[in-house]
Amino acid sequence: MHFSCFLFIFVPMNGNLNEIIPEIGCFDNGTEVREYHVMLHVSDSSLNYSDQLAAINHALTKLLRNELAGAKIIFKRYFLSDAYNQADNVITLERDHVDYAISIIQQPPLDGTKIALWVVLQTGVTVRRLHSGLHETVHGKYRQLWNACAYHLANGAEQQSRLLLNDYVAQLAQEGCTLADNCIRTWLFVNDVDNNYQGMVKARNEVFFTQGLNNDTHFIASTGIGGRQAYAHVLVLMDSYAVAGIRKEQVHYLYASDYLNRTSDYGVSFERGTYIDYGDRRHIFISGTASINNRGEVVHQGDVVAQTQHMWRNVEALLNEAGSSYDDVMQMIVYLRDLADYQTVKTLYDVRFPDKPKVVVNAPVCRPGWLVEMECMAIKNIHNNLFASF
């Protein structure tokens, strides 16, 4: 049903063979739609950026011809060490690939390389870019709607956030969707998060209120984290995921209230996690989660090992509430405030999750006291005759 594997792909580069290490998570329940999450890492950090970018994409091409034959890319995120000097190369490389959503974010991989790549793929689907600007993946009655690198130029993080969220509401409306009924997951990347996060939060709270999203209804699974695009005047970027064709009773929200408090308790508006039930599988989206208790307090201040272990317990509680576990996790993204903590945290993850596709990047969390944060996605096999299959 699930499998994860690490491969070794050698790609020719400047007369030498360079090793790329793809980490592949697969969900296959025997239906037409298999799902893959792939993390691609360069093993030779001495390569220049152009060669690292070329090597990663050469390796992905080989995977699409072999292990991932028949799968279509529906979403990519490039993690870059220096977006100002690197993003244009990605845009040039991807200029003919307009069907799927492409996220480009400065969150340096902490293995010393200049680039890492997360790719989401599915079989049995059609993919295209819509007039609304969203990217559509279709199978059966469901339309997945991805968007990436949305931003709005205005003065300040608050106004930029307000305008880009309102733009997204309008895009969803063009597809017969609403923020409240169809948006499942967002990622908000905030340039200089220590100073600009509160402006983003204020705008999100206000826009959500106008869309019927509040503590008495629900919010949206999300990660709000440090990150930036190529140009410093863009203070907030957003990636998003929505699904058209779902019914309200398919969507459930995760709280793990013995471990975590409601985010609205400290003035922010996102769900700790969300899951969607289809006829043949459950998609689980765990928001950015840190070392927090059910009173909203930072736990184990200054101790990255204890924070990592506490964070794992929180994520596990959310997965358990969805009837799932770490066994079902397809990918992990780990955010570290201090790059000096990388080797310590990497060792912890390598011991506990040796086979899970993951990437560890430098990205400050929204509270300075949090040294580490993680998010993940999981897929669980179910049979529910009330809903159409995915």
Could you work out, with side-chain hydrogen bond (donor to acceptor under 3.5 Å, both in side chains) as the rule, every residue matching [X], not counting sequence neighbours?
| X | value |
| --- | --- |
| Gln122 | Glu35, Gln144 |
| Asp111 | Thr113 |
| Asn195 | Asp192 |

(request) Can you sort out the partners of Arg34 under salt bridge (Lys or Arg N to Asp or Glu O under 4.0 Å), two or more places apart, ordered by chain and number? (result) none
(message) Going by ring pair (Phe, Tyr, Trp, His ring centres under 6.0 Å), name the pairs with one or both residues in residues 369-390, residues two or more places apart or in two chains.
(response)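 Ring pair (Phe, Tyr, Trp, His ring centres under 6.0 Å) check on residues 369-390 returns Tyr278-Phe390, His283-Phe390.
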(message) Strictly by ring pair (Phe, Tyr, Trp, His ring centres under 6.0 Å), give each pair with a member in residues 150-191 just once, sequence neighbours left out.
(response)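 Sorted result for residues 150-191: empty, none.
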For residues 243-252, dump all side-chain donor-acceptor pairs below 3.5 Å to protein atoms at least two apart in sequence or in another chain.
residue: Arg247; atom: NE; partner: Glu249; partner atom: OE2; Å: 2.8
residue: Arg247; atom: NH2; partner: Glu249; partner atom: OE2; Å: 3.2
residue: Gln250; atom: OE1; partner: Arg247; partner atom: N; Å: 2.9
residue: Gln250; atom: NE2; partner: Tyr142; partner atom: OH; Å: 3.2
residue: Gln250; atom: NE2; partner: Asp277; partner atom: O; Å: 2.9
residue: His252; atom: NE2; partner: Glu249; partner atom: O; Å: 3.3

Set of residues satisfying ring-ring contact (aromatic ring centres under 6.0 Å, His included) with respect to [X], sequence neighbours excluded:
| X | value |
| --- | --- |
| His41 | none |
| Tyr49 | none |
| His135 | none |
| Tyr266 | none |

(request) Only counting residues at least two apart or in another chain, list the ones meeting side-chain contact (heavy atoms from CB on, under 4.5 Å) with Val138. (result)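 So Val138 forms a side-chain contact (heavy atoms from CB on, under 4.5 Å) with Thr126, Glu136, Arg143.
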(message) Between Tyr326 and Trp312, is the ring centroid distance below 6.0 Å?
(response) no
